[in-house]
Each structure stands twice: as C-alpha cells, then as structure tokens.
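Below is one structure; the comments refer to it alone.
These values consider heavy atoms only, across backbone and side chains, with no hydrogens, waters or symmetry-generated copies. Both ligands and their constituent atoms are indexed starting at 1 by order of listing.
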Amino acid sequence: MDNCIFCKIAHHEIPGKIVYEDDLCMAFLDLSQTTDGHTLVVPKQHFSNILEVDHQTLSHMMEVVQKVALQIQENLHAKGFNMITNMNEVAGQTVPHFHIHIIPRYQSNDGFQATYHDRSQEVDLDGIYQKIMKSE
Ligand code: AMP
Ligand code: ZN
C-alpha cells in the first residue's frame, strides 16, 4: 500500500534490520528497541490489523514469532517475552500495517509494562459473558 512504512520495508524499498524473511512475512528490529532485540513480525502483504489478515498468513506468522523468539532467547539470553499486537489507535497502534511485537524481557523492572488492572469488584462478569455469547 502506498505510503505504508512497513510495506516499504517488506518490499526492500527502505532499509530495515531484517532478522527473518520468507514469501509471506518478515521480521525486523523495531527502531525503538524498548528492550534489546525488540522485533516486529509483519506480513508482506498489507493488512491493517489482526482481524483483516488471512488465516494462513496469521498462522505462519505465529510460527515465525516462535522461531525468532527462540533465536533471541538463545543469542541474547532473554529470560522471557511479551508478544503483543495493538489494534487500532485506541489500543496504541501507530503503524496501520498488521504487526506482532516480540519484546524480550531480561528483568521485570526494565520499564516495559503490560498492566492488567483488577476490576473484578466493579464489573458484572456474568452480564459481560452473556453479551459476548449472545447469538446474532
Ligand atoms: P504500534 O504502536 O504497535 O503500531 O508499533 C509500531 C512500532 O513500529 C513502534 O514500536 C515503532 O518504534 C516501530 N517503527 C516505526 N517505524 C519503524 C521503522 N522504520 N523501522 C522499524 N520500526 C519502526
Ligand atoms: Zn503496509
């Protein structure tokens, strides 16, 4: 897609530190390096987000996420990972080309946070469940 920075990297029109590539997808270092080895896995074809991408590409990308994470674990000695995809601006997506973040973790207080605020005392869990499960 025109003017998409990740399409340009995927088509080798602008440089990236590419750690993996095949016909369907590519993995390259995220410029921000939130932690050492922070990597993005992207499809070569332009899809806006995880709900748009086809199943074959999505499944394959998850295999690549695992392969690259194993490489980072082995060579950078990461002790753990967060794998994250942000969908839409409301969730923090800044580049509208589907991507999965691989965020290696070396210590728990490294500045990266995925916080799950406990709202269990405030919400109607059964009501939410019923809404999700209702047939259309
Ligand atoms: P998100 O906020 O989930 O859309 O993530 C977009 C990520 O893309 C951010 O972590 C940026 O640091 C990263 N990014 C933006 N431009 C580039 C680029 N040219 N090469 C590598 N990473 C990039
Ligand atoms: Zn794109």
Consider ligand 1: state whether an atom of it lies below 4.0 angstrom from any non-hydrogen atom of [X].
X	value
L40	yes
T34	no
I9	yes
K17	no

Any idea which atoms of ligand 1 are less than 4.0 Å away from a heavy-atom of S32?
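This gives 10 (O), 12 (O) as the contact atoms.
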
Which ligand 1 atoms are under 4.0 Å away from a heavy-atom of H99?
1 (P), 3 (O), 4 (O), 5 (O), 6 (C)

[X] to ligand 1: N or O pair under 3.5 Å?
X	value
F28	no
D30	yes
G92	yes
V95	yes
N86	yes

Would you mind telling me which of L40, V41, T39, I84 makes a side chain to side chain contact (heavy atoms under 4.5 Å, CB included) with H99?
L40

Rounded to 10°, how big is the angle at the Zn ion (ligand 2) from H46 ND1 to C7 SG?
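With the Zn ion (ligand 2) as the vertex, the angle is close to 110°.
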
Which one holds for F6 and ligand 1: side chain close, backbone close, both close, or neither close, with close meaning a heavy atom under 4.0 Å?
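It is the side chain that touches ligand 1; the backbone stays farther off.
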
Just how far is it from atom CE of M133 to atom CD1 of I128, taken to the nearest 0.5 Å?
14.0 Å

